[in-house]
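Model, not experiment: these values are computed from the prediction. Chain identifiers are assigned alphabetically (A, B, ...) following the order of the sequence lines, protein sequences preceding nucleic acid strands; residue numbering begins at 1 within each chain.
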Amino acid sequence: MNDLTTYEKLPQSFYEREDVVQIAQDLIGKYLVTNIEGIITVGKIVETEAYCGRNDKACHAFLKRTKRTEIMYARGGHAYVYLCYGIHHLLNVVTNKEGLADAVLIRAVEPVINVDGMRDRRGVEITGKRLTAGPGMLSQAMGITTRLNGMDLLGDILWIGQQNSQAQVDIVSDVRIGIAYAEEDALLPWRFYEKDNRFVSKVKKN
DNA sequence: TCTAAGATGGGT
DNA sequence: CCCATCTTAGAA
């Protein structure tokens with residue numbers, strides 16, 4: 001059941017590519033895996049957003065390199081996890097070369113392995129799409145906290161895999177969510193999600 | 001030290 | 001649709 005051998009770990013080269021928007025798109029249909037203190041969970045990535053450090057006002061690293069954003073400047077293939085609204089842990093995948101602060105926010109996954117474990121973390125009364133249909137929810141379900149900030153995605157705690165024969169997924173692009181402060185950059189179609197997947201997060205008005 | 005967010009989520 | 005959220009980064 002918990003057979004991870006069918007998930008091939010994405011290589012370093014996947015994350016070091018220059019086009020963060022392309023990477024965000026490519027991550028749809030891949031599998032997010034966590035092994036937190038022996039508890040393994042896997043979710044299929046169904047929604048992502050791209051953030052570009054150099055020309056995107058919505059990006060935390062735009063025009064600033066601080067303690068929090070430092071990890072985004074590392075080479076691709078690391079996790080950037082930060083706390084939002086004091087409560088929610090949000091997972092990003094750092095991309096591009098060292099010194100170029102790009103990242104992809106993982107906004108939603110569809111539970112694949114260990115749904116019970118996810119429910120244990122979310123709360124017994126939580127079922128269905130309320131399990132992982134949002135960036136804060138999926139982090140809680142998969143045991144992701146700011147302790148995992150800076151984690152190497154080629155390690156064995158937190159990584160992303162693909163299946164040999166990946167099913168064809170219909171990908172839709174749209175504007176990103178909750179970034180009205182980014183002015184004209186809020187209009188960039190840098191959110192991607194799998195069409196008709198019920199775990200895609202609810203669209204929120206900006 | 002202090003202040004002000006802030007890539008949300010849940011309830012009505 | 002409305003609003004509680006509360007830790008922490010970032011500045012002074």
Exercise. Within the distance-only criterion (no hydrogens, no angle test), does the side chain of A/Arg119 pair as donor or acceptor with the backbone N or O of A/Thr127 below 3.5 angstrom?
Worked result: no
Exercise. Are side-chain heavy atoms of A/Phe14 and A/Val93 found at a separation under 4.5 Å?
Worked result: no
Whole Å only: how far is the [atom1] atom of [X] from the [atom2] atom of [N]?
X        : N      : atom1 : atom2 : answer
A/Glu47  : B/dG9  : CD    : C1'   : 14 Å
A/His88  : B/dA7  : NE2   : C1'   : 12 Å
A/Leu131 : B/dG10 : CG    : C1'   : 15 Å
A/Lys57  : B/dA5  : NZ    : C1'   : 19 Å
A/Gln140 : B/dG9  : CD    : P     : 10 Å
A/Ile179 : B/dA5  : CD1   : P     : 18 Å
A/Arg68  : B/dA4  : CZ    : P     : 17 Å
A/Tyr82  : B/dG6  : OH    : P     : 10 Å

The side chain of [X] lies closest to which of these nucleotides: [options]?
X        : options               : answer
A/Met72  : B/dG9, B/dA7, B/dG10  : B/dA7
A/Lys202 : B/dG11, B/dG9, C/dG10 : B/dG11
A/Leu83  : B/dG10, C/dT7, C/dG10 : C/dT7

For this session: Quick one: look up who C/dT5 pairs with, Watson-Crick or G-U, both distances under 3.5 Å, and put none if it's unpaired.
Result: none
Problem set entry | Watson-Crick or G-U wobble partner of B/dA7, both distances under 3.5 Å | none
For this session: Give a yes or no on whether A/Ile157 and A/Val42 share a hydrophobic cluster (residues Ile, Leu, Val, Met, Phe, Trp, Tyr; joining criterion: side-chain heavy atoms under 4.5 Å apart).
Result: no
Problem set entry | Verify stack between A/Tyr85 ring and B/dT8 base, 5.5 Å, 30 degrees | yes
For this session: Identify whether any heavy atom of A/Ile87 sits under 4.0 Å from a base atom; if not, whether one sits that close to sugar-phosphate; answer base, sugar-phosphate or nothing.
Result: sugar-phosphate
For this session: Tell me what A/Arg191 touches on the nucleic acid: a base, only sugar-phosphate, or nothing, going by heavy atoms under 4.0 Å.
Result: nothing
Exercise. OP1, OP2 of B/dG9 versus side-chain N and O of A/Arg122: anything below 4.0 Å?
Worked result: no
For this session: Would you please confirm or rule out a distance under 4.0 Å between OP1 or OP2 of C/dG10 and any side-chain N or O of A/Thr66?
Result: yes
For this session: For the pair A/His60 and A/Tyr82, name the ring-plane relationship: parallel under 30°, tilted 30 to 60°, perpendicular over 60°.
Result: perpendicular
Problem set entry | Basic-acidic side-chain contact under 4.0 Å: A/Arg17, A/Asp102 | no
Problem set entry | Carboxylate-amine/guanidinium proximity below 4.0 Å for A/Glu184 and A/Lys57 | yes
For this session: Test for a donor-acceptor pair under 3.5 Å between the base of B/dA7 and the side chain of A/His60, counting only N and O atoms.
Result: yes
Problem set entry | C1' gap between C/dT8 and B/dG10, integer Å | 23 Å
Problem set entry | C1' gap between B/dA7 and C/dA11, integer Å | 23 Å
